[in-house]
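Have a look at the structure below, then the notes.
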There are 2 protein chains.
Amino acid sequence: MEMTPRKEKILAAVVESYIRTGEPVGSKTLMGELDFQVSSATIRNEMADLVEMGYLEQPHTSAGRVPTTLGYRYYIDKLMNKLEVNKDESESIAKSVSSGRGDPEQLLEKAGEVIARLTNCAAITTLPTGEQACVRRAEFVPVSNRTAMIVLLTSAGTLKSKACRGDMPITQQTVERFYAVCAAHFIGKPLEEIGTVMLQTLVASLGEFALEMSPYFVALADLAGEALKSDVLLEGQANLFNHRELSGSVADIMELLRKGEPVSKLLSGGEKDGLNVKIGTENEYKQLSNSSVIVSRYNVNGARSGALGIIGPTRLNYAKLIPYMQFISGVVGKILSETLETLED
Amino acid sequence: MEMTPRKEKILAAVVESYIRTGEPVGSKTLMGELDFQVSSATIRNEMADLVEMGYLEQPHTSAGRVPTTLGYRYYIDKLMNKLEVNKDESESIAKSVSSGRGDPEQLLEKAGEVIARLTNCAAITTLPTGEQACVRRAEFVPVSNRTAMIVLLTSAGTLKSKACRGDMPITQQTVERFYAVCAAHFIGKPLEEIGTVMLQTLVASLGEFALEMSPYFVALADLAGEALKSDVLLEGQANLFNHRELSGSVADIMELLRKGEPVSKLLSGGEKDGLNVKIGTENEYKQLSNSSVIVSRYNVNGARSGALGIIGPTRLNYAKLIPYMQFISGVVGKILSETLETLED
DNA sequence: TTTAGCACTCGTTAGCTATGAGTGCTAACT
DNA sequence: AGTTAGCACTCATAGCTAACGAGTGCTAAA
């Protein structure tokens with residue numbers, strides 16, 4: 001059985017109608033939605049073929065047809081006409097998102113909000129990953145006799161700080177030693193290389209100052225660790241309730257999202273144009289077998305760095321939402337790149 | 001109609017049985033759960049009275065009785081025997097919570113997790129409010145030619161930082177001016193008083209340096225604003241799904257929680273022992289009319305400062321959970337007080 | 001005041017039927 | 001050979017009825 005142009009048109013019409021209404025679509029309904037005239041019987045024959053080919057299925061014998069994962073896949077890869085984001089909208093989106101400009105976390109949170117509102121789905125975003133990032137700067141700010149704030153700035157623009165209590169009073173020498181060790185061992189070093197091993201050899205080499213200084217470097221290493229793990233932000237989870245076909249699995253999905261770790265994995269795959277669409281059972285988590293995930297990565301200064309995603313029912317309006325996601329990830333990437341340049345200068 | 005000891009025993013038994021099973025309780029069931037022997041008919045008569053008095057109700061004519069809001073209230077205020085938190089448990093709780101020691105946000109997040117796990121409810125926590133807090137310290141850390149990090153430490157121990165780009169190159173004078181102005185206008189000042197008005201007069205008084213310096217003070221004021229608003233943390237929202245009687249309203253409750261603002265209000269009322277229990281329709285949000293809220297405030301250095309709360313179905317195990325919440329808020333308060341002392345020193 | 005007895009209420013469940021949307025198949029048509 | 005009209009068939013859904021049973025309120029006796 002091979003695909004014909006007419007079958008393709010029928011498949012596309014079924015997918016689009018089902019996405020629109022959520023109801024299985026029957027042959028008569030379809031008659032009115034095709035740009036050529038054939039009888040319902042003909043459509044029925046074609047649809048039976050499409051079922052056999054694996055693109056459609058019937059919830060039960062006497063119901064209309066619903067796209068399968070394979071059907072959506074074929075539609076998205078070969079049939080779909082992406083809807084351009086119109087100008088008014090793109091401007092208003094860009095404006096909303098850029099109101100979070102400044103702090104990466106705030107920006108991604110804002111982007112997540114915008115996406116959630118726009119798509120009526122749950123939004124997931126990851127902060128710019130610091131994998132290739134290194135320590136740009138470290139600061140030691142004495143706060144009291146024995147307490148200091150340690151501040152870390154990475155080359156990716158991430159800013160982390162932490163209060164840290166030492167075991168001995170802080171003197172001018174303490175500060176000087178801190179900066180000296182930083183300059184020698186931390187500045188310019190990739191975050192990945194700052195681990196317990198590196199820390200131990202460092203502390204060992206401090207000799208008589210180990211006791212005095214080590215708490216601060218432990219704190220600094222902690223900060224590096226925090227900066228390294230690309231945090232996951234969630235927005236609009238409640239939107240999942242709006243989709244009836246998900247009603248049974250909302251709890252499971254939320255539970256999955258809650259433990260952020262696997263989520264970043266969710267966002268990490270996929271290549272073409274930094275876009276990744278996973279439909280229903282294509283997802284590796286079975287909690288998502290009734291859901292689709294659209295992920296678009298964003299680039300900061302040309303390097304892939306984080307991603308924006310949505311989770312919704314399989315019957316997403318792909319033609320509209322994929323361009324949205326691409327547009328927004330573009331905006332986010334641009335803003336982050338600009339922010340970074342500001343730091344360089 | 002007046003309350004009698006026997007009616008009280010019956011009411012308590014109904015409440016406890018309903019909390020345990022979730023099923024309306026009938027007169028025969030009750031016979032086996034009372035510490036005195038009377039026939040089901042007698043119990044029926046008494047229960048009919050309790051219905052008339054407003055403490056019980058029937059879902060429908062031929063069903064057992066269920067406590068009303070009033071019934072729960074009477075039970076909690078007069079009948080309930082609080083269950084002590086046993087020692088093993090209290091130790092393990094204290095240990096889990098204190099693993100978040102250090103950063104207030106982390107601590108409250110941890111406490112929320114513990115509460116959510118322990119109670120199988122959604123947990124809400126607020127960070128220590130900074131209402132009476134003032135600026136303890138401000139730091140200016142040059143990062144690049146035109147960018148600096150502004151770091152704010154409050155007397156409540158909150159640490160906030162922000163990257164900030166000025167319009168002119170940063171020189172040694174810039175730094176000196178920053179600290180001079182801070183010492184004169186910010187250090188020791190209550191956060192509440194740092195607003196746009198204060199900022200405007202300040203900028204005006206900067207004279208020729210206004211252009212150079214104002215971005216940094218704007219950032220500092222921003223940080224003060226952030227430190228002031230007592231953030232709300234949510235944990236274990238997914239637990240709401242575990243309670244069948246909430247199934248219809250989970251989405252509404254989550255939506256309510258999402259917009260953190262009214263939630264802090266939720267936590268703010270109530271007095272006795274810093275404890276506040278709101279049952280069903282006692283809640284001012286109608287989304288919560290099927291839910292109960294238990295809130296316990298914590299004190300930092302003797303002053304009330306934030307709160308921990310849970311949201312669950314009305315049939316909560318109050319006798320167990322109220323002591324839990326009081327215990328945990330005590331632990332949190334103690335840890336925060338200790339942390340603060342560390343900073344003083 | 002308590003209790004046994006009994007008629008009554010009403011939610012729940014199971015079984016039955018009618019309905020209708022939608023199908024597959026066959027035979028006639030182009 | 002592809003297309004179409006016609007028709008019997010399938011099956012989820014809604015509505016109806018009857019049986020069931022948990023639990024009640026009330027009455028009359030203890």
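Chain identifiers are assigned alphabetically (A, B, ...) following the order of the sequence lines, protein sequences preceding nucleic acid strands; residue numbering begins at 1 within each chain. Computed from a prediction, not measured in an experiment: that's the story for all the values here.
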(request) Mind checking side chain to side chain donor-acceptor pair (under 3.5 Å) for B:E23 and listing every partner two or more places apart, or none if nothing turns up? (result)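 If we apply the side chain to side chain donor-acceptor pair (under 3.5 Å) test to B:E23, skipping adjacent residues, there are no hits.
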
(message) Could you walk me through whether B:N239 and B:C121 satisfy the side-chain contact (heavy atoms from CB on, under 4.5 Å) test, starting with their C-alpha distance in whole Å, then the side-chain angles of each, then the deciding distance to 0.1 Å, before giving a yes or no?
(response) CA-CA 5 Å; B:N239 285 346; B:C121 290; 5.5 Å; no

Can you list everything that forms a side-chain contact (heavy atoms from CB on, under 4.5 Å) with [X]? Sequence neighbours excluded, please.
{"X": "A:E89", "answer": "A:V85, A:N86, A:Y324"}
{"X": "B:T42", "answer": "B:R6, B:V38, B:S39"}
{"X": "A:S96", "answer": "A:V114, A:R117"}
{"X": "B:A319", "answer": "B:Y75, B:M80, B:L83, B:N317"}

From [atom1] of [X] over to [atom2] of [N], roughly how many Å is that when rounded to an integer?
{"X": "A:I43", "N": "C:dC25", "atom1": "CD1", "atom2": "P", "result": "18 Å"}
{"X": "A:E23", "N": "C:dT23", "atom1": "CD", "atom2": "P", "result": "13 Å"}
{"X": "B:E52", "N": "D:dG25", "atom1": "CD", "atom2": "C1'", "result": "13 Å"}
{"X": "A:M47", "N": "C:dG22", "atom1": "CE", "atom2": "C1'", "result": "9 Å"}
{"X": "B:Q58", "N": "D:dA22", "atom1": "CD", "atom2": "P", "result": "17 Å"}

(request) Output yes when at least one side-chain N/O atom of B:R65 is less than 4.0 Å from OP1 or OP2 of D:dG23, else no. (result)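 For D:dG23, OP1/OP2 do not have a side-chain N/O of B:R65 under 4.0 Å.
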
(request) Quick one, give me the B/S/- string for nucleotides 1-19 of chain D, reading 5' to 3', where B means a protein heavy atom under 4.0 Å from the base and S means that only happens at the primed atoms, P, OP1 or OP2. (result) --SBBB---BBS-------

Using atom types as modelled, flag every donor-acceptor pair under 3.5 Å from a side chain in residues 47-58 of chain B to any protein atom, sequence neighbours excluded.
| residue | atom | partner | partner atom | Å |
| --- | --- | --- | --- | --- |
| B:D49 | OD2 | B:K7 | NZ | 3.3 |
| B:Q58 | NE2 | B:T61 | O | 3.0 |
| B:Q58 | NE2 | B:A63 | O | 3.4 |

(message) When you measure from the side chain of B:N290 to the backbone of B:E245, do you find a donor-acceptor pair of N or O atoms at a distance under 3.5 Å?
(response)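 Here the side-chain-to-backbone pair does not exist.
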
(message) I'd like to check the salt bridge (charged side-chain N to carboxylate O under 4.0 Å, His left out) partners of A:D88; sequence neighbours left out, ordered by chain and number.
(response)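 By the salt bridge (charged side-chain N to carboxylate O under 4.0 Å, His left out) rule, A:D88 matches no residue at all.
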
(request) Could I get the full list of salt bridge (charged side-chain N to carboxylate O under 4.0 Å, His left out) partners for B:E255, not counting sequence neighbours? (result)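 Residues passing salt bridge (charged side-chain N to carboxylate O under 4.0 Å, His left out) with B:E255: B:R258.
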
(request) Could you note down all residue pairs passing salt bridge (charged side-chain N to carboxylate O under 4.0 Å, His left out) where residues 68-85 of chain A supplies at least one of them, sequence neighbours left out? (result)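 Counting only pairs at least two positions apart or across chains, the salt bridge (charged side-chain N to carboxylate O under 4.0 Å, His left out) contacts touching residues 68-85 of chain A are A:R73-A:D77, A:R73-A:E282.
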
(request) Tell me which residues in residues 24-35 of chain A put a heavy atom below 4.0 Å from DNA chain C, sorted by number, or none. (result)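 Close to the strand are A:G26, A:S27.
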
(message) Just to be sure I understand the geometry, which residues of residues 12-19 of chain B put a non-hydrogen atom under 4.0 Å away from DNA chain D?
(response)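 The stretch gives none, as no residue of it lies under 4.0 Å from the strand.
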
